[in-house]
Amino acid sequence: MALDESWFTETVDKTGTAFSLKLGERVHAEKTPYQEIAIYRTASFGYLMTIDGCTMVSTRDNFLYHEMMSHPALHSHPDPRDVVIVGGGDCGTLREVLKHPQVRRAVQVEIDERVTRLSEQYFPELCASNGDPRATLYFGDGIAWMKQAPAASLDLVIIDSTDPVGPAEGLFGRKFYVDCLQALRPGGLLVQQSESPLLHLELIVDMHRAMRQAGFAQTRLLHFPQPIYPSGWWSASIAQKTAGGLAQRLEPAAIAALDTRYYNAQTHAAAFAVPNFVAQALAAG
Ligand code: SAM
């Protein structure tokens with residue numbers, strides 16, 4: 001069935017996949033020095049932000065991604081006080097991070113200020129914590145920021161970036177991971193959105209190898225549903241600065257206090273349950 005202009009469609013030639021949402025209308029479009037940003041009002045997913053034609057965030061399903069990019073890692077660290085988010089310009093991950101009382105400082109390093117300003121306008125619910133005194137919104141390249149980050153100054157690095165192309169490409173490589181490693185304290189963690197386990201397994205294996213080559217002691221994969229991204233099945237990769245098991249802090253009261261829609265102790269555990277074909281590829285990697 002040919003889709004007419006009353007649909008938004010993201011097609012990915014490399015994976016032979018596409019994703020469509022029935023539209024209301026495109027309400028904004030602009031070209032920034034970094035990328036092309038568009039905002040659509042959709043028929044059933046609320047607002048949709050795209051960057052260079054790729055789906056980024058929708059009103060309806062962003063909770064899956066933002067909760068799973070933050071809470072599993074934060075509950076896998078014994079005392080996450082200082083957090084940096086590289087990318088994350090829609091501010092949804094920042095909002096989730098700031099739900100944790102242990103966090104005393106959260107710096108969001110987003111290269112394109114226009115993403116945040118448009119999110120404030122169309123996704124105000126994601127920006128609800130931007131005024132938290134613990135939050136700092138820094139606009140600049142995450143690669144340059146991490147290069148100058150003081151040694152052992154962070155407990156968690158969250159890389160909530162676009163796909164490994166354009167300004168985000170350097171965020172998926174060994175050199176950047178070396179800078180992240182030196183900025184992390186002992187016991188520190190890095191968590192990075194790592195695309196689809198079904199469509200991008202080779203990239204995931206390469207990322208885990210580069211993290212280990214950079215000096216991280218261990219890497220793990222977590223996965224979760226994310227309907228608007230290619231295949232609808234997404235992942236994040238966690239790299240541990242020091243070896244050993246992750247601190248699984250899953251006190252029911254603490255989890256209930258997060259007021260989440262997807263994340264809980266069961267989905268936390270399920271996210272770390274790695275499918276056979278993925279485990280085999282990572283072991284061979
Ligand atoms: N959830 C989305 C995904 O998985 O594709 C990512 C959301 S967030 C909007 C991605 C952000 O990464 C964008 O706002 C983009 O401007 C930012 N970004 C890309 N490269 C960057 C870099 N080198 N430094 C900082 N931010 C970067």
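Position 1 is the first residue of the sequence; numbering continues from there. Every number for a ligand or one of its atoms is a count from 1 in the order of the listing.
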query = Taking distance alone, with no angle check, do Val86 and ligand 1 share an N/O pair under 3.5 Å?
reply = no

Proximal atoms of ligand 1 relative to Val109 (non-hydrogen, under 4.0 Å) = 25 (C), 26 (N)

message = When you measure from the heavy atoms of Trp145 to every atom of ligand 1, does any distance fall below 4.0 Å?
response = no

note = One finds that the ligand 1 atoms under 4.0 Å from a non-hydrogen atom of Met56 are 1 (N), 2 (C), 5 (O), 6 (C), 7 (C), 9 (C)

key: Pairs touching residues 40-65 that satisfy salt bridge (Lys or Arg N to Asp or Glu O under 4.0 Å), sequence neighbours left out   = Glu25-Arg41

request  = Just jot down the ligand 1 atoms closer than 4.0 angstrom to any heavy atom of Ala168, in number order.
outcome  = 19 (C), 20 (N)

ask   = Atom CG of Leu246 and atom NE2 of His75: how far apart are they, to the nearest 0.5 Å?
value = 13.0 Å

query = Quick one: which ligand 1 atoms are inside 4.0 Å of a heavy atom on Gln35?
reply = 15 (C), 16 (O)

key: Protein contact of atom 18 (N) of ligand 1 - nearest heavy atom, named by residue and atom, plus distance   = Ile111 CG2, 3.9 Å

ask   = Is the closest N or O pair between Asp112 and ligand 1 shorter than 3.5 Å?
value = no

ask   = Is there a heavy atom of Tyr65 sitting under 4.0 angstrom from any atom of ligand 1?
value = yes

key: Ligand-residue contact atoms, ligand 1 with Asp141, heavy atoms, under 4.0 Å   = 22 (C), 23 (N), 24 (N)

Would you give me the side-chain donor-acceptor pairs under 3.5 Å for residues 177-184, sequence neighbours excluded?
from   : atom 1 : to     : atom 2 : distance (Å)
Tyr177 : OH     : Gln192 : OE1    : 2.6
Gln182 : NE2    : Ala149 : O      : 3.1
Gln182 : NE2    : Asp179 : O      : 3.2

message = Under a plain distance cut-off of 3.5 Å, with no hydrogens placed, do Ser70 and Thr93 share a side-chain donor-acceptor pair?
response = no

query = Is there a nitrogen or oxygen of Pro167 sitting under 3.5 Å from a nitrogen or oxygen of ligand 1?
reply = yes

ask   = So is there a nitrogen or oxygen of Asp90 less than 3.5 Å from a nitrogen or oxygen in ligand 1?
value = no

key: For atom 6 (C) of ligand 1, closest protein heavy-atom neighbour   = Asp160 OD1, 3.3 Å

Closest to atom 16 (O) of ligand 1 (judged by heavy-atom distance), picking from Glu110, Met69, Arg114, Glu113 = Glu110

ask   = Would you say ligand 1 has an N or O under 3.5 Å from any N or O of Thr55?
value = no

request  = Show which atoms of ligand 1 fall inside a sub-4.0 Å distance from at least one heavy-atom site of Ser161.
outcome  = 3 (C), 4 (O), 5 (O), 6 (C), 10 (C), 12 (O)

ask   = Taking N or O atoms only and a 3.5 Å limit, does Val115 qualify as a polar contact for ligand 1?
value = no

inquiry  = Salt bridge or not between Arg134 and Asp132? Use side-chain N to carboxylate O under 4.0 Å.
reply    = yes

